[in-house]
Protein chains: 2
Amino acid sequence: MAWDVERTKRLLLDAATAEFSEHGLAGARIDRIAANAGVNKERIYQYFGKKDELFATVLGTQLRSTMDAVPMIGAGPAAAGDYAGRLFDHHIAEATIPRLVFWEGLERGESAAADAARAEYHRVKVEGFQKLLPGVDRRDAAELLLTIVTLVNAWPVLGHLDALLVGADDAAADRRAARRASIVQTVELLAEAALRRSPGGDRSGADRRDPPGVQG
Amino acid sequence: MAWDVERTKRLLLDAATAEFSEHGLAGARIDRIAANAGVNKERIYQYFGKKDELFATVLGTQLRSTMDAVPMIGAGPAAAGDYAGRLFDHHIAEATIPRLVFWEGLERGESAAADAARAEYHRVKVEGFQKLLPGVDRRDAAELLLTIVTLVNAWPVLGHLDALLVGADDAAADRRAARRASIVQTVELLAEAALRRSPGGDRSGADRRDPPGVQG
DNA sequence: AAGATTTCCAACTGAACGGTTGTAATCGAA
DNA sequence: TTCGATTACAACCGTTCAGTTGGAAATCTT
């Protein structure tokens with residue numbers, strides 16, 4: 001059989017993504033990644049380097065694919081809420097990212113903040129989000145975006161807290177829908193408040209979705 | 001020298017708390033806990049059982065002490081915001097809890113939700129929070145409480161995201177203050193909205209802090 | 001088709017790891 | 001002061017881990 005390097009790389013990256021998402025950096029097992037990929041583990045070291053380099057590759061890949069999959073559309077508080085809602089949906093269908101993000105925060109805190117590529121990625125994201133709420137201060141936009149990212153990513157990770165707080169008697173789908181609605185409402189309220197704070201944004205606040213879309 | 005069982009237990013529990021908070025369940029090292037406590041590791045197994053039993057003990061202890069340290073006081077949206085703010089302060093001074101909470105969510109997701117003692121702990125917490133916002137539906141209260149817990153706990157864990165989004169040029173203390181203000185504002189807005197939704201809560205919404213305090 | 005290069009893997013290494021055991025020191029009660 | 005029970009620890013055990021090596025098979029180059 002012919003060698004297919006890209007295929008083995010992809011197999012390894014997929015297996016690594018699942019493994020890191022499930023077990024984190026310390027808990028992930030190189031042997032398990034290799035076995036699930038059906039590839040010898042020595043390939044990992046040749047293609048991706050050490051364990052934590054592989055982790056960084058996995059996370060970077062996932063973040064990029066999310067930004068493509070969930071674009072920011074339109075403008076105004078409703079658009080911001082809509083963006084948060086779609087991000088929520090995306091992270092429910094694929095809990096990989098939320099878990100990876102929190103694993104990173106817990107296991108690699110400092111070193112992640114120093115990554116130049118990551119800084120650029122987030123700069124672009126804040127910039128895009130600012131276009132969603134025209135006139136809003138950069139710091140305000142970043143703060144709101146952080147709230148969104150936090151709320152949207154935390155839920156799949158803290159699912160047990162939800163069950164514990166709301167009560168396990170409610171069906172999972174209902175709790176999920178309630179959570180989604182709550183997050184969208186939160187973001188809309190915050191976006192309105194931010195617009196009201198912005199220069200020239202002291203009119204009633206809602207329904208300002210006329211400007212052209214940003215992406216998609 | 002005389003034996004002092006309580007002292008060695010406390011030393012072990014303190015060391016374990018620090019170790020689990022720092023490295024999580026899989027990353028924590030029993031040898032390191034024993035060494036930092038200045039106690040032989042065999043004692044751990046005698047007093048606390050296996051690694052994950054020790055983890056559960058650590059988390060339970062920490063949660064109980066937080067509930068005592070940060071009581072819910074007064075009533076109304078401002079009181080809810082104040083509670084969130086004090087919780088934030090507490091978690092900043094002592095990032096142990098936030099980290100442990102997310103470690104648990106990531107590493108023990110399912111098994112944590114089944115814990116009866118934890119369910120009771122959270123039931124009491126929701127009940128207390130409901131007294132903070134009289135008239136608000138239990139589900140609404142739980143939802144808002146989850147938002148608070150999420151926002152307040154996530155920040156110490158996702159500190160690197162904050163630095164990445166807001167920009168590392170801002171001083172850490174400034175970013176922390178901005179985040180605190182943002183969270184307090186969020187909670188107040190949400191509490192007002194919840195009260196407005198509640199039966200008989202359709203008056204203007206703010207400044208309803210007359211009822212007597214709940215704890216403290 | 002010969003030689004150099006790359007892809008791949010089985011087997012290995014050395015250093016942890018979680019957990020146990022055998023034994024000595026100390027304590028409480030008779 | 002004896003004796004069983006408890007506390008403590010050093011040394012150990014079997015397993016598992018991340019990372020390496022040596023060489024075979026496939027591909028590329030000339």
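The figures that follow rest on heavy atoms only: side chains count, while hydrogens, waters and symmetry mates do not. Lettering of chains follows the sequences in order, A, B, ..., and the numbering in each one begins at 1.
Ring pair A:Phe102/B:Phe102 is parallel by interplanar angle, where below 30° counts as parallel and above 60° as perpendicular. Ring geometry for B:Tyr83 versus B:Phe129: interplanar angle of 30 to 60°, hence tilted.
For the pair A:Glu6 CD and C:dT6 P, the computed distance is 15 Å after rounding to whole Å. Distance, B:Gln46 CD to D:dC9 C1': 12 Å, rounded to whole Å. Rounded to whole angstrom, the span from the CG atom of A:Asp52 across to the C1' atom of D:dA18 amounts to 11 Å. The NZ-C1' distance, from A:Lys41 to D:dT16, rounds to 10 Å in whole Å. Taking atom CZ on A:Arg32 and atom P on D:dT16, their separation rounds to 11 Å, with Å as the unit. As a whole-Å value, the separation of B:Leu54 CG from C:dG18 C1' is 13 Å. The distance from atom OH of B:Tyr47 to atom P of C:dG19 is 18 Å, rounded to the nearest whole Å. Regarding B:Lys51, its NZ atom lies at a distance of 9 Å from the P atom of C:dC17, rounded to whole Å.
A salt bridge links A:Arg86 with A:Asp82: the distance from a Lys NZ or Arg NE/NH1/NH2 to an Asp or Glu carboxylate oxygen falls below 4.0 Å.
In summary, of the residues considered (B:Lys41, B:Lys51, B:Arg32), a salt bridge (Lys or Arg N to Asp or Glu O under 4.0 Å) with B:Glu19 occurs for B:Arg32 alone.
To the nearest 0.5 angstrom, B:Leu165 atom CG is 9.5 Å from B:His160 atom NE2.
Listed nucleotides: D:dC17, C:dG18, D:dG19. Nearest to the side chain of A:Tyr45: D:dG19. Residue A:Val5 places its side chain closer to C:dT7 than to any other of C:dT7, C:dG19, D:dA8. In this structure, of C:dT20, C:dA10, D:dA8, it is C:dA10 that holds the atom nearest to the side chain of A:Glu42. When each of D:dT7, D:dG19, C:dG19 is scored by its nearest atom to the side-chain atoms of A:Lys50, the top-ranked nucleotide is D:dG19. Which of C:dG18, D:dA8, C:dC8 sits closest to the side chain of B:Thr8 comes down to D:dA8. For B:Val39, the side-chain atoms get nearest to D:dC9 when compared with the rest of D:dC9, D:dT7, D:dC17.
Regarding contacts with the backbone of C:dC9, every side-chain N or O of A:Arg43 stays at 4.0 angstrom or more from both OP1 and OP2. Look at A:Arg29 and you'll find a side-chain N or O under 4.0 angstrom from OP1 or OP2 of D:dA18.
If you check distances only, the side chain of B:Asn40 does reach the base of D:dA10 with a donor-acceptor pair under 3.5 Å.
Using a 4.0 Å heavy-atom criterion, one finds that A:Ala28 contacts the sugar-phosphate atoms exclusively.
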